[in-house]
Each structure stands twice: as structure tokens, then as C-alpha cells.
Undergrad: 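Here you go, one structure.
Just so it is clear, the values below take in all heavy atoms, side chains as well, and ignore hydrogens, waters and symmetry mates.
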Amino acid sequence: MKLKISSPLPSPVDSDSENEIPKGFPQTRIHSGLDPNCRSTIPLCPKSFSKVMKSIDTFIFDADGVLWLGESVMPGSPRLIDYLVKHNKQIIVLTNNATKSRAVYAKKLAKLGYNSSKMNKNNLVNPAAVVADTLHRSGLDGKRVYLIGEQGLRDEMDELGIEYFGHGPEKKQNEEAASGAFMYDIKLEENVGAVVVGYEKHFDYTKMMKAANYLREEGVLFVATNEDETCPGPNPEVVIPDAGPIVAAIRCASGRDPLTVGKPCTPAFNYIRRKWNINPSRTMMIGDRTNTDVKFGRDHGMKTLLVLSGCHQIEDIIENQMNERDDMVPDYVAPCLGALVPETNQIYY
């Protein structure tokens with residue numbers, strides 16, 4: 001799906017006092033599908049959100065573009081979290097970013113002003129944790145993991161005692177090897193039980209070749225963190241490739257499909273079900289992407305809310321409706337989390 005950048009979001013406080021939906025934001029259901037039965041999307045304001053939340057026990061939040069953007073807090077998001085905690089809602093953070101461990105992300109949340117008693121390592125899930133859990137449960141029988149990934153994967157795998165190698169920059173080739181001969185004499189390790197692929201800034205041709213060759217063995221697991229094409233950043237004019245392009249390269253070179261654990265795939269959902277025993281029908285997935293967050297929620301029986309503070313916008317909802325991609329059409333939409341918090345002197349719940 002093509003990523004769209006919209007104009008700045010309406011301010012959460014710049015609203016029409018009659019309906020409390022921010023000015024410039026859709027006031028009615030969004031429905032542009034050719035099929036009259038196509039799912040429509042309902043814009044939320046503080047009053048309508050307070051009614052919806054009565055039927056929700058657990059809220060699962062994406063992180064980048066929802067709780068923060070880069071290294072900055074998303075304005076208003078901590079207040080929404082506090083509002084939900086006040087009403088005894090269970091909070092889970094589910095990010096597709098595996099570059100850092102859950103412990104590191106917990107520190108980031110605390111630094112940005114989030115409730116540290118409810119937003120800590122024990123309430124966080126990321127692909128690094130799910131990958132480590134998947135490998136641990138699969139039983140590697142002493143075999144090692146060829147790893148393409150950043151520190152977050154290493155930290156989570158260390159915690160479960162999983163042995164890995166291959167991360168970081170490849171050794172520089174000499175001039176003769178650099179001419180192309182290296183590919184005929186590449187050195188492969190033995191006793192490899194899995195290839196794990198995530199975002200890594202040192203990814204290169206040699207890593208792709210090694211991964212593809214390890215995956216020639218049928219018994220070697222192929223596990224991917226996530227397949228997001230891009231990730232949001234502070235400069236909307238700059239495309240930031242995520243793990244998706246790296247996974248796609250190794251899929252193409254090896255001819256094998258990975259077990260992808262991040263959103264919208266099922267391993268992340270199963271991990272959450274095992275740990276929290278959530279009731280999907282009383283759970284809401286909130287994120288900024290229709291093809292990961294919304295699809296994850298819709299595929300697993302949850303309510304879904306798209307916030308427009310990150311990647312995808314109203315145009316993407318309409319495009320999904322027109323293409324009859326009901327699995328990527330959210331139940332609800334809001335400009336940002338802060339737009340769902342009532343004023344201190346208003347009580348709707």
C-alpha cells in the first residue's frame with residue numbers, strides 16, 4: 001500500500017462544542033466502498049469514545065506514531081493512558097520494532113512521561129520477545145541461530161539462553177574478493193538451526209547470501225520479526241525502510257517463506273493470549289497503520305481504531321474500502337489519542 005502524508009492534524013482542543021469532533025475531521029461515518037455491505041468507519045470524539053470503552057477490557061497500543069514519534073512523545077497520549085488506567089482498563093503495548101528490547105522501551109516510555117506502573121516491561125510486547133519465545137518453544141536442541149538483527153533481538157535471546165551469531169558488520173573483503181570472487185568461496189558455519197531476520201543497518205549482499213544458503217537445509221527455521229515496508233519518522237519527506245525489504249530479499253533469494261511473528265501475523269496474538277488470556281471481543285487494537293495494526297485486530301476478532309498521527313490517513317481507509325479490503329478497514333478513527341480524552345470538567349463514563 002502506498003504511504004500517504006496528510007496535512008497537519010486538527011488539534012485535539014480545536015473542536016466544535018456541539019459534537020466535540022475536531023474541526024476539519026470527518027463528522028460522519030466513512031463509507032466509500034462499492035459494496036454497500038463494506039465496513040464503515042466511525043469517527044470518535046471524547047464522548048463517543050467513553051461509550052465505546054465500556055465494552056472494552058483491554059487496549060493494545062502500537063508505539064511509534066501512536067505513543068511516540070521518533071524520540072518525542074505524541075502530545076496527549078499519556079493523558080489517554082492515564083484516563084484508561086483510572087477506569088481499570090488493561091494496557092498492552094505491541095510494537096513491530098525489534099531493534100530494542102522490552103526493557104529499553106519501558107525506559108523510553110517512562111522518560112516520555114507515561115505511567116510506569118502500567119507501562120513497563122511486563123506490559124510490552126515486541127517481535128524480539130516473540131522471536132525469542134518462538135525459538136525457545138521450538139527446541140533448537142543446541143543448534144545456533146544465524147541472526148540478522150539489532151540489539152533488541154540479542155537482548156531477548158540472551159534472556160532465554162539462545163545462542164546466535166552473524167549480527168553486526170561483515171568483515172571487509174580484500175580487493176580481490178571485492179571484485180566478486182568472494183561469492184564463490186563464502187564461509188558457512190555448521191550446526192545452524194534457525195535464521196532470524198529483522199531490521200539491521202549492516203545488512204548487505206553477503207548476509208543475504210549466507211541466510212539463503214543456511215535456509216537450503218529443510219530443517220532450518222526461517223523466522224522474521226515483521227514485514228513493515230517503512231517506519232514513521234520526524235521528517236515526512238524521508239522514507240525509512242523497515243525490516244520488510246530485508247525479509248523480502250531473503251525470501252526471494254532462498255525461495256522460502258518465513259514465519260513472521262510481528263503484526264499482523266498470528267504468533268504475536270498467540271503470545272498475548274498465552275500471557276494475558278485476553279478476550280478478543282472485549283479488546284481494542286489501536287495503531288497508525290491499516291495493513292499491520294488494523295489487520296492484526298480484524299484478523300483476530302478485536303475492535304480496531306486507527307489514529308492519524310503516524311503513517312496511514314483517511315485516504316488509506318477509503319482506498320481499502322474501494323478495494324474491498326475489509327480486513328484493513330478500522331471500526332473507528334481519531335486524529336490522535338489526545339483527541340479522545342475529555343476535558344477535566346467533563347465526565348462521560
Undergrad: When rounded to the nearest 0.5 angstrom, what is the spacing between CD1 in Ile286 and CZ in Phe59?
TA: 6.0 Å
Undergrad: Could you name each residue pair satisfying ring pair (Phe, Tyr, Trp, His ring centres under 6.0 Å) that touches residues 115-162, not counting sequence neighbours?
TA: Tyr146-Phe165, Tyr146-Tyr214
Undergrad: Which pairs with one or both residues in residues 144-154 pass salt bridge (charged side-chain N to carboxylate O under 4.0 Å, His left out), sequence neighbours excluded?
TA: Arg144-Glu189, Glu150-Lys201
Undergrad: Between Asn120 (side chain only) and Ser117 (backbone N and O only), is there a donor and an acceptor less than 3.5 Å apart?
TA: yes
Undergrad: Could you tell me whether a side-chain N or O of Thr95 sits under 3.5 Å from a main-chain N or O of Asp64, the two making a donor and an acceptor?
TA: no
Undergrad: Could you note down all residue pairs passing ring pair (Phe, Tyr, Trp, His ring centres under 6.0 Å) where residues 320-340 supplies at least one of them, sequence neighbours left out?
TA: none
Undergrad: Does the Asp288 side chain pair with the main chain of Gly65, one donor and one acceptor, at a distance under 3.5 Å?
TA: no
Undergrad: Rest of the hydrophobic cluster containing Met74 (Ile/Leu/Val/Met/Phe/Trp/Tyr, side-chain heavy atoms under 4.5 Å)?
TA: Leu69
Undergrad: Please answer: with hydrophobic residues joined when any side-chain heavy atoms are less than 4.5 Å apart, are Leu215 and Ile148 in the same cluster?
TA: yes
Undergrad: Do the charged groups of Arg289 and Glu229 touch, with an N to O distance under 4.0 Å?
TA: yes
Undergrad: Looking at Lys108 and Glu71, does any basic side-chain N land under 4.0 Å from a carboxylate oxygen?
TA: yes
Undergrad: Less than 4.0 Å between a side-chain N and a carboxylate O, is that true for Lys143 and Glu217?
TA: no
Undergrad: Could you measure the distance from the CG atom of Asn277 to the CD atom of Gln90? Nearest 0.5 Å is fine.
TA: 9.5 Å
Undergrad: Does the Glu156 side chain pair with the main chain of Pro127, one donor and one acceptor, at a distance under 3.5 Å?
TA: no
Undergrad: With side chains defined as the heavy atoms from C-beta onward, is the minimum distance between Met119 and Leu67 less than 4.5 Å?
TA: yes
Undergrad: State the CE-CG distance between Met208 and Asn213, to the nearest 0.5 angstrom.
TA: 11.0 Å
Undergrad: Calculate, to the nearest 0.5 Å, the distance between atoms CG and CG belonging to Asp293 and Asn96 respectively.
TA: 7.5 Å
Undergrad: Do the side chains of Pro330 and Ile317 get nearer than 4.5 Å, heavy atoms only?
TA: yes
Undergrad: Under a 4.0 Å N-O cut-off, is there an ion pair linking Arg298 with Asp327?
TA: no
Undergrad: Which value, rounded to the nearest 0.5 Å, describes the distance between Phe61 atom CZ and Met284 atom CE?
TA: 9.0 Å
Undergrad: Within the 3.5 Å criterion, strictly below it, is a donor on Thr290 or Asp316 matched to an acceptor on the partner's side chain?
TA: no
Undergrad: Ignoring hydrogens and angles, state whether a donor on the side chain of Glu227 or Thr260 is under 3.5 Å from an acceptor on the partner side chain.
TA: yes
Undergrad: Does the side chain of Pro258 come within less than 4.5 Å of Val197's, by heavy atoms?
TA: no
Undergrad: Side chains of Arg274 and Arg137: does their closest heavy-atom pair fall under 4.5 Å?
TA: yes
Undergrad: Are Pro267 and Leu259 side-chain neighbours, meaning at least one heavy-atom pair lies under 4.5 Å?
TA: yes
Undergrad: So, for Tyr105 and Trp68, is the gap between ring centers shorter than 6.0 Å?
TA: yes
Undergrad: Among side-chain atoms of Asp158 and Tyr164, is any donor-acceptor pair under 3.5 angstrom?
TA: yes
Undergrad: Decide whether Val93 and Val104 are clustered together by the hydrophobic rule: side chain heavy atoms of Ile, Leu, Val, Met, Phe, Trp, Tyr closer than 4.5 Å, transitively.
TA: no
Undergrad: Compare all side-chain heavy atoms of Ile278 with those of Arg273 and state whether any distance is below 4.5 angstrom.
TA: yes
Undergrad: Which residue pairs pass the ring pair (Phe, Tyr, Trp, His ring centres under 6.0 Å) test when at least one of the two sits in residues 260-296, sequence neighbours left out?
TA: Phe269-His300, Phe296-His300
Undergrad: With rounding to the nearest 0.5 Å, note down the distance linking CD1 in Ile318 to CE in Met322.
TA: 9.0 Å
Undergrad: State, with a plain yes or no, whether a side-chain heavy atom of Thr41 is found less than 4.5 Å away from one of Val329.
TA: yes
Undergrad: Could you list who else is in Ile240's hydrophobic cluster, with ILVMFWY side chains joined at under 4.5 Å, directly or through other members?
TA: Val238
Undergrad: Would the distance check show the side chain of Lys263 and the main-chain N or O of Leu94 forming a donor-acceptor pair, the cut-off being under 3.5 Å?
TA: yes
Undergrad: Is there side-chain contact between Asn226 and Tyr199, with heavy atoms separated by less than 4.5 Å?
TA: no
